[in-house]
> 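I'd like to ask you about the structure that follows.
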Amino acid sequence: MQRRSFIAALGVGALGSLAGCQTAVGSVALPNVPETTLQEGGWEQRSETKDETVFEEEYSVVTVEAVASSVTYADAALREQVQTDTLDTLDTDLALFSATRVDMAPSVDELGPVQTEVKNRIRDNAIAELRSRMEAAGITDIEQTETGSLDLSGDKTADLTELSGVFPVQDIEFPVREDTTLTLEGTDLAVDAVLAVWAVDGNYLVAGGAYPAENFSRVTDTDLSDAISVTIDVDLGLTPTAYRDELLELVRNVT
């Protein structure tokens with residue numbers, strides 16, 4: 001398995017940006033995330049970005065500007081568990097959560113007939129950036145699998161986009177003596193990603209992440225001699241449904 005983290009390469013948010021531009025929006029606060037839940041769940045902050053211009057474009061007679069600040073967390077507890085279970089062979093972030101606040105000028109409520117078009121631009125930018133970062137991280141066969149909605153607190157609803165891909169897991173080698181190594185053949189590990197976009201207080205919030213979509217379980221038998229055979233049974237105990245539920249609950253608590 002490649003030691004670099006395929007999730008860490010997704011970056012610090014799900015929006016493309018034009019860093020360093022002067023903006024009319026002003027400084028954008030980081031989104032509020034459920035810090036206690038993250039801490040208790042073993043998540044650690046990986047990075048954050050501030051005040052990056054997503055786009056500035058004319059729509060009809062109005063110039064619309066979008067500026068974003070983002071924060072990203074990784075499930076460090078899951079990473080440590082997998083690293084221990086694979087005898088340090090697999091050391092990578094396997095689950096990510098990120099949240100982005102996008103401040104608008106003019107505000108969403110003032111966009112009138114171009115409101116839907118601007119929201120679609122925010123969503124499309126987020127999806128495109130997430131896809132490109134997944135590809136840069138070595139995830140292949142990325143597809144948008146579903147669109148729908150996600151119920152939030154306070155009777156709010158977010159637009160939800162789901163993607164899937166695969167991460168090629170390389171062969172895992174276990175030395176058993178100085179001149180002998182047992183090899184467990186690698187395979188493709190399914191990865192799912194979700195991305196939610198919704199309006200709040202005249203601006204937008206974007207939140208989501210990625211997680212393993214299947215367990216990793218492999219068995220291999222090797223003869224060390226005519227009299228000795230060895231079986232290696234690796235079962236990481238990954239629980240995709242639990243990871244998805246946890247991720248969506250984190251998304252729902254972004255404000």
Side-chain angles (χ1 to χ4, degrees), residues 1-11 14 33-34 37-46 72-99 130-131 133-146 148 150 160-174 182-196 207-222 230-253:
M1 178 66 160
Q2 294 173 331
R3 287 185 173 270
R4 68 191 179 103
S5 165
F6 73 81
I7 292 297
L10 296 181
V33 298
T37 301
L38 287 164
Q39 183 176 7
E40 291 176 350
W43 295 76
E44 293 181 357
Q45 184 175 330
R46 290 290 187 248
T72 295
Y73 291 80
D75 190 337
L78 176 60
R79 175 173 182 161
E80 182 178 356
Q81 170 200 324
V82 171
Q83 181 182 0
T84 299
D85 289 347
T86 60
L87 305 178
D88 295 331
T89 300
L90 181 52
D91 181 13
T92 185
D93 287 328
L94 292 174
L96 172 86
F97 163 67
S98 67
L130 180 57
R131 288 178 63 99
R133 291 184 184 277
M134 290 172 73
E135 290 171 353
I139 299 173
T140 63
D141 300 332
I142 301 170
E143 297 180 352
Q144 182 174 316
T145 57
E146 192 173 344
L150 178 68
L160 187 68
T161 302
E162 304 196 36
L163 299 93
S164 68
V166 296
F167 183 77
V169 178
Q170 295 182 350
D171 293 349
I172 301 176
E173 296 184 342
F174 298 91
L182 301 185
T183 300
L184 191 68
E185 285 189 17
T187 187
D188 288 340
L189 180 68
V191 178
D192 282 350
V194 298
L195 190 70
Y211 59 94
E214 64 179 344
N215 186 28
F216 183 90
S217 178
R218 296 290 182 274
V219 178
T220 186
D221 296 310
T222 301
V230 175
T231 298
I232 296 180
D233 185 349
V234 177
D235 186 342
L236 298 185
L238 302 178
T239 54
T241 299
Y243 302 146
R244 176 183 174 85
D245 291 345
E246 180 182 19
L247 179 58
L248 291 178
E249 189 62 23
L250 291 172
V251 169
R252 290 187 180 98
N253 283 280

> Taking the side chain as everything from C-beta on, heavy atoms only, tell me whether Ile232 gets closer than 4.5 Å to Val234.
yes
> Taking Leu238's backbone N and O only, do any of them form a donor-acceptor pair with Asn215's side chain (distance below 3.5 Å, no angle check)?
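At least one qualifying donor-acceptor pair exists.
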> Are any of the side-chain heavy atoms of Val82 and Phe216 separated by less than 4.5 Å?
no
> Does Gln144 CD have over 12 foreign heavy atoms under 6.0 Å away?
yes
> Looking at side-chain heavy atoms only, is the closest gap between Asp192 and Arg244 below 4.5 Å?
no
> Nearest heavy-atom pair of Gly186 and Asp171: which atoms, and what distance?
N-OD1, 2.8 Å
> Would Thr37 and Asn253 count as a side-chain contact (heavy atoms from CB on, under 4.5 Å) if you check the C-alpha gap in whole Å, the side-chain angles of each, and the deciding distance to 0.1 Å?
CA-CA 10 Å; Thr37 301; Asn253 283 280; over 6 Å; no
> How far apart are the closest heavy atoms of Gly41 and Asp75, and which atoms are they?
O-OD1, 3.9 Å
> To the nearest 0.5 Å, what is the distance between CD1 (Ile142) and CZ (Arg131)?
6.0 Å
> Run through Thr84, Asp91, Thr92 and flag the one making a side-chain hydrogen bond (donor to acceptor under 3.5 Å, both in side chains) with Arg79.
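It is Asp91, the one option of Thr84, Asp91, Thr92 that forms the side-chain hydrogen bond (donor to acceptor under 3.5 Å, both in side chains) with Arg79.
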> In Å, rounded to the nearest 0.5 Å, how long is the span from OG1 of Thr239 to CG of Leu78?
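The distance works out to 8.0 Å.
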> Looking at every non-hydrogen atom in both residues, tell me the closest pair between Ala76 and Glu44 and how far apart they are.
CB-CD, 3.5 Å
> Counting only N and O atoms by type, is there a donor-acceptor contact under 3.5 Å from the side chain of Asp141 to the main-chain atoms of Gly165?
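Not confirmed, Asp141 side chain does not pair with Gly165 backbone.
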> If you round to the nearest 0.5 Å, how far is OH of Tyr73 from CG of Leu96?
11.5 Å
> Are the side chain of Thr145 and the backbone N or O of Glu162 linked by a donor-acceptor pair below 3.5 Å?
yes
> Going by atom types alone, do Thr231 and Asp221 pair a side-chain donor with an acceptor below 3.5 Å?
yes
> What's the spacing between Leu150 CG and Thr161 OG1 if we round to 0.5 Å?
11.0 Å
> Nearest heavy-atom pair of Glu214 and Leu189: which atoms, and what distance?
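Heavy atoms only, the tightest pair is OE2-CA, 3.4 Å.
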> Can you establish whether the number of heavy atoms outside Gln83 located under 6.0 Å from its atom CD is more than 12?
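Atom CD in Gln83 is packed in, count exceeds 12.
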> Just so I know, are the side chains of Ile172 and Arg218 near enough to count as touching, which here means a heavy-atom distance under 4.5 Å?
no
> Kindly indicate whether the side chain of Phe97, heavy atoms from C-beta on, has any atom under 4.5 Å from the side chain of Val33.
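In short, these two side chains touch, coming nearer than 4.5 Å.
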> Do you know which two heavy atoms are closest between Pro168 and Asp188, and how far apart they sit?
CA-OD1, 3.5 Å
> For the residue pair Pro212 and Pro240, what are the closest heavy atoms and their distance?
O-CB, 3.5 Å
> Does Val194 form a side-chain contact (heavy atoms from CB on, under 4.5 Å) with Leu160? I'd like the steps, not just the answer.
CA-CA 7 Å; Val194 298; Leu160 187 68; 4.2 Å; yes
